[in-house]
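Here's the structure we're looking at; comments come further down.
Note that this is a predicted model, so its numbers are computed, not measured. Throughout, protein chains are lettered first and strands after them, A, B, ... in sequence-line order, and every chain is numbered starting at 1.
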There are 2 protein chains.
Amino acid sequence: MAKPIEIPSATIQRLSLYLRQLLLSQQQGLRTVSSRHLGDAVGISDAQVRKDLAYFGPFGHPGIGYPVGDLIERIRRILGTDRNWRVVIIGAGNLGRALAAYGGFSGQGFDIVAVCDIDLAKVGTPVSPVSKLQIQHLDELSSLVQTLDIRLAILTVPASVAQIVADQAFQAGIQGILNFAPATLNYSTGHSVCSVDLALEMQQLTYRVLSNSNQPNTAIS
Amino acid sequence: MAKPIEIPSATIQRLSLYLRQLLLSQQQGLRTVSSRHLGDAVGISDAQVRKDLAYFGPFGHPGIGYPVGDLIERIRRILGTDRNWRVVIIGAGNLGRALAAYGGFSGQGFDIVAVCDIDLAKVGTPVSPVSKLQIQHLDELSSLVQTLDIRLAILTVPASVAQIVADQAFQAGIQGILNFAPATLNYSTGHSVCSVDLALEMQQLTYRVLSNSNQPNTAIS
DNA sequence: TCCTGTGAATGAATTCACAGCG
DNA sequence: CGCTGTGAATTCATTCACAGGA
């Protein structure tokens, strides 16, 4: 067995940022980048970049920097996007259908292979004019997961039913959920959840805007 | 001047979670909640909840808990959502139009009052069947911001033009941007940016799924 | 007893500073 | 000289543990 080195979760978050920037650098024809260059591009100190990348073992060359291609490959392997993941979108509302049509997923290792909803009026209709997918009923989730070998779900259902549907999804064999419902999901170990709450992000934004303006929103007088 | 107590940024992020849960508790008719109750509901330790809320000054009552209504009001004031914010969506693609129709913003203090795009073929068409808004040209952003008193923008444009459009937006008087483009934005002090990168969230999810499975993606052998 | 508020202790993450290699 | 890798120092965040009020 290998050494039980744990990569800090904060590092993992930044790896995605590095990857995004590295792909850009690669596209520009760069074969090597320095920690300073990479850090500046994503708004992180050079020391931090070096610490993060050092978890991979000695990868960089003093005086030269890090090899772009190798680094991309290595980060992808860590994050798990060196392989392809099939994804089902659960909830065919505006957001769900928009995400189904979103181009940013394919090419990043994610294939949206199904969209389902509980609304019978939607079942059988095309997800979007451009998409080849048809909306399927939630009852078929289990068989979809099996036959299409789906491991991830994107949850875009109302908050009031998010927990129930998440339970169903895990029951059907889904291993990880990206949750857009504004609700805290409970789940057992062995399953994973990441959440994105749009209203919550907006609140963080207004806080920062206020902090920036002359009247900071202080805590206590 | 008041004491220069700084609320930690980690606490600010959790305030939004607390707020979401408190609104739920209020809806259930609860007039008071304990730190334990609140913490369990959002997956955070009770000690953490107390530390966070203590920044507001002594708010809770020993033996009883925290008053739900007062706490909601107080958190809203801190986050800045005790008032209403007018928002423009820039980029009328699938995601932009979906967010324009998303119901989760109104009622949380955010009013989407305009949508614009650079594509002339879209200008003048309705944002969505249900929406009363029409897509307007990006050139009108400046006057829109002025006449409608808009302070926030949601950016849903391709990554390749995100920086340019963000600069334009700030130039037009926007104070904060919620950025959905997969790009790191540069901006001057006095402006604010929050970013949501969907592919990045999916990568975090796959990492966790792999960590949960039997073959953890270790760093170094 | 149930619960808050908070110093003290612990743990995690970031920055510093520099040795050493190409 | 430019740049990496890394211990040491520092800052930040979380948890512990308990005094004291209702």
Completion exercise
CD1 (I89(B)) and CG (L95(B)) are apart, to the nearest 0.5 Å, by 8.5 Å

With a 3.5 Å cut-off and no angle check, do the side chains of [X] and [Y] form a donor-acceptor pair?
X: R50(A); Y: S35(A); value: yes
X: T81(A); Y: Q203(B); value: no
X: D167(B); Y: Q163(B); value: yes

Just the rounded figure in Å: distance from [atom2] of [N] to [atom1] of [X].
X: L38(A); N: dC3(D); atom1: CG; atom2: C1'; value: 14 Å
X: R36(A); N: dT4(D); atom1: CZ; atom2: C1'; value: 13 Å
X: D46(B); N: dG5(C); atom1: CG; atom2: C1'; value: 12 Å
X: I64(B); N: dT4(C); atom1: CD1; atom2: C1'; value: 11 Å
X: L71(A); N: dT4(D); atom1: CG; atom2: P; value: 11 Å
X: R14(B); N: dT15(D); atom1: CZ; atom2: P; value: 8 Å
X: K51(A); N: dT15(C); atom1: NZ; atom2: P; value: 11 Å
X: I12(B); N: dT14(D); atom1: CD1; atom2: C1'; value: 17 Å

Between [options], which one does the side chain of [X] approach most closely?
X: A10(B); options: dG7(C), dG21(D), dA13(D); result: dA13(D)
X: Y66(B); options: dG20(C), dG5(C), dC18(C); result: dG5(C)
X: P62(B); options: dT6(D), dT6(C), dG20(D); result: dG20(D)

Looking at [X], I'd like to know whether one of its side-chain N or O atoms comes within less than 4.0 Å of OP1 or OP2 on [N].
X: S45(B); N: dT15(D); value: yes
X: S9(B); N: dC12(D); value: no
X: Q48(A); N: dT15(C); value: yes
X: R50(A); N: dG7(D); value: no

Exercise for the section: Tell me what T11(B) touches on the nucleic acid: a base, only sugar-phosphate, or nothing, going by heavy atoms under 4.0 Å. Expected result: nothing

Completion exercise
Of G63(B) and F59(B), the one whose closest nucleotide on DNA chain C sits nearer the 5' end is G63(B)

Handout entry: Single hit among L133(A), V127(A), I150(A) for side-chain contact (heavy atoms from CB on, under 4.5 Å) with I112(A)
Key = L133(A)

